[in-house]
Every structure is written in C-alpha cells, then in structure tokens.
Amino acid sequence: MQAEEHKAIADWLGVKTGKPVQISNVRALSGGAIQENWAADIDLGDEVIAAVIRCDAPSSVSDSLSRQQEFALLKAAFANGVTVPGPLWLGDPAVLGRDFFIMRRAGGTAAGHKLVRDLSLAKDRPALTRQLGRELASIHAIKPPRDDLDFLPLPEVHPACEFINNARSFLDQYHSAFPALEWGLNWLQENMPEQEPLCLVHRDFRTGNYMVDESGLTAVLDWEFTGWSQPLEDLGWLCARCWRFGQQGDEYAVGGIGHRDDLFAGYQEVSGRKLTAEQVYYWEVFAHLRWAMIAIKQGERHLSAAEPSLELALTAHIVPELELHILRMTGLEG
Amino acid sequence: MRIQPDGINLLDTVTVLLRDEVLPSVPAGQQYALRMALNAIGIARRQLVNGSQAEQQEQALLAELLAESGSHVQLSRLLAARIREGKAKDSAPLRDLLWQLTLQRVRESAPRYLKQEGF
C-alpha cells in the first residue's frame, strides 16, 4: 500500500468521523492472491486504534465473499458475541479503487503448527477448547432468514447432499479417478443424518484460523467459506484428524489442542445442546472428503499451470492419506 | 548405459545436503519452503524407485477383477463407477483392491501417515 493510499484513507475517515485522522505504522500482514491485510495505527485525535485494513488484491478475481459481505458477517458475528476483530468501517471503493474495510487488530498468532507445540500460548488448553465450543455455539445461534446476510445462498437440499452432488459432478469431468473418495461419498449418502434447521456455519473453523495469545483466544478469522448449513459440520471440521497438525490421541482430537469433552461442554454452555462424539463422527468423515476435494482442486491450480506453486502441488499429495483415513473411518480396512 | 551415480543417488545426496547443511542455516522465514522442497524430493524419489512396475501390477489386478481391459486410468475410472453403483459393498475382492490401491498411493505420497498410524 502506497503512502498516498494511507493519506486517501485518512482523509476519507476524517470526513466520516469528523476527527483529525492520521494513519501510521502501515505494514503488510499475511495475505493471499485474493485479499491483502495491512496493519495500521489509526489516530483519531482522542484515541489511537490498532487496526487492520483488509482490501482486495489489485488483480483480484474471485468468487469467494466480497469485502462488503465479509464485513456484514463480521458485524453479525460480533453482535452475537463471537470473538472476532471488531468491525469498524466499511470502505468506500472510490477511496482506493478497490473494496476494503477496517477492523480492530487482534493480538497473538494464528500459526497452527506453533500453537499445538508451544504451550506458552493459551496455557490453559482445556479452557481454550471450551472457549472454541462457546464460539461455535454463538455462530450457530445466527439463523436464516437475515436481511443483513441475504447474500448467503440457502441450500435447496440437505447441505451434505449438496456437497455429495457437487463432488460427484466434479469427479465425473476430472482427468483422474478417485475410487476411495467414491466409497466415502457413498458412505456419506447412506449414513446422512436427518436434516436439522439451518444455521450460520463458519466452514473453516480449525486450528490455524483462530488467533491466540498467552491467555487464550483473541479472534476467529477466515470467514470466506461461511454459509447456511448444519451446525455439526463445524464441529466435524474442527475435530477431524486432518486438522490436528500431527498430534495423536483423543486428548488432542480437537484441532490438535484439546479433548472433545471440553469442546462439547463449551458448546452446551451457550447452546444448551448436549453433543456426542457419535453425532459428530459423520461430520468428521465429511470433513475428510471435503478437504480431499479442496486439495484436488488446489493441486489442479498448479497442474493446469494457472498458478504454479510447490505448496499447491504438494497439497494434491495430501489426498492419498485422506483417502486411506476415510476408508478406515468407514469400515473398510484390508 | 547411464553414468553412475544415478538419479536416485543424486536425489539422496541433494536431500542430505539440504537437510543437514542448508536447513540449519536458513532463516526461519524460509525453512518452510525448504521443508516443502525436501518433501517433494521424497515423493519424486519414491516414485522413481517404484518405476512403472507398481502401476502395471495394479492395472493387471484391476483388469482381472473388473473383467475388462484398458489403461490404468480407464480401469480406475471403471472401478470408481462400480463403487458408486454400490458394487464394492458386497465384494470383498473389490474392497481389498481398493485398500491396496490406496495404500500404495500413501506409500508414495505420505509414508509418514503409515508410520504415525502404526502400519
């Protein structure tokens, strides 16, 4: 971000707030091809806000959520007590020539590998695990219809069914066959739980996508896959073996950091709903299939030369272990 | 005849060099990239060691069990279709084959998983 852009944002905010706004200490945070994140200190004269300016990358072409939609989600989540960076201002696209919004900056780190091994972060792991359960329950308390979230499409069939249909259509036209995933998709179809009322589901709630500091959770991030779905989908994603960052055993079943019992206890505190590992099991299998489909598509971005990248190439090589795990979870073992 | 050391030997030598000499002195920010490179070399090496023999054996097994002929890709697609039709549920040989094919993919792409899970 250029100095004239800082000035443009400061001038725009000055008019918006009626205060003498100055922006300093602007520096790049992690980002991607789709959006950029900039840390900045925003001086409003009577208050200095540690902020993040989140904007579209200059060459953004994407079908994920727009910044405006993401801002609406953050506001809805924040209002419902979810620990998200406080949303501050939705940008006027004329200011930067691209969409942006400004939110408060959370402290801590999101790095999954670091969190599972460095016990100086979020020292009380059972407390962190319960907190994750409370966060999920607060997200799931948001139900459709919502005028402020009307950009999120309502699934026409059972969300698991929608996933299975999309996965099969994709596999039918893809250059490689995935017999083990076909086995897993059949299992998902045959064991599908009855549909329950739709609610807001984060759909990427896992270790690596929330921030912690020494004392605990500071922010739930990465809302770009959020949609209306089944609440247990989020619990399955968080508990799936593929998101434990190599940690083994039941005491690390929740994202490599905690035990399911603590997660479910936190969930019950807020929702009143008592969960069992059996109910979540279906969605753990679902998580492995969903991650496998995403991994194939990420590998294809490299393979098709659309975006040559060793990281994307290696993501395709995660698929076999997901396949083997799916076979084991669904009762097929040689 | 190709000159020795061969490709596998060279990949092994590169692995030792990168892992033991380069990695410890690389700044933390770039270690991830180097680890990815080492992982990729490992996969390539295992595929090179296996050559096309494993795939040929699989193709023969697929052809026999499915009672069809075709390339590995065609037969894998046929297996996938049979599974989707529900045929593998009642066929122990098809389930066995699916397990073996998948296990072989893991051996090449992620042997770490097999070790972790005690295979």
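Here is how names work: the chains are called A, B, and so on, in the same order as the sequence lines, proteins then strands, and each is numbered from 1.
- Within residues 235-254 of chain A, the residues having any heavy atom under 4.5 Å from a heavy atom of chain B are, by residue number, Arg241(A), Gly246(A), Gln248(A).
- For the side chain to side chain contact (heavy atoms under 4.5 Å, CB included) with His317(A), the qualifying choice from Asn39(B), Val106(B), Ile43(B) is Ile43(B), the only one to do so.
- The two residues Thr102(B) and Ala180(A) have their closest heavy-atom pair at OG1-CB, 3.8 Å.
- A distance of 6.0 Å separates NE2 of His325(A) from CD of Glu117(B), quoted to the nearest 0.5 Å.
- To the nearest 0.5 Å, the span separating CZ on Arg105(B) from CG on Leu322(A) amounts to 11.0 Å.
- Contact record, Leu324(A) with Leu114(B): CD2-CD2, 3.7 Å, taken as the closest heavy-atom pair.
- When the shell of 6.0 Å around CD of Glu156(A) is examined, it contains 12 or fewer heavy atoms from other residues, nucleotides or ligands.
- Across Ala80(B) and Ala177(A), no two heavy atoms sit closer than the pair CB-CB, 4.4 Å.
- Put simply, CG on Leu332(A) and NZ on Lys89(B) are 12.0 Å apart, with the number rounded to the nearest 0.5 Å.
- For the pair Tyr113(B) and Arg328(A), the tightest heavy-atom approach, listed with the atom from each and the gap, is OH-NH1, 2.9 Å.
- In terms of heavy-atom proximity, Arg84(B) sits nearest to Leu171(A) at NH2-CB, 4.4 Å.
- A distance of 10.5 Å separates CZ in Arg77(B) from OH in Tyr174(A), rounded to the nearest 0.5 Å.
- Heavy-atom neighbours of Glu194(A) CD from other residues, nucleotides or ligands within 6.0 Å: at or below the threshold of 12.
- Residues Arg95(B) and Trp183(A) approach most closely at CD-CH2, 3.7 Å, considering heavy atoms.
- Looking at Leu314(A), the atoms closer than 4.5 Å to chain B (heavy atoms on both sides) all sit in the side chain, from C-beta outward.
- Neither the backbone nor the side chain of Gln189(A) has a heavy atom closer than 4.5 Å to any heavy atom of chain B.
- At a 4.5 Å heavy-atom cutoff, Arg82(B) makes no contact with chain A through either its backbone or its side chain.
- Neither the backbone nor the side chain of His113(A) comes within contact range of chain B, judged by heavy atoms closer than 4.5 Å.
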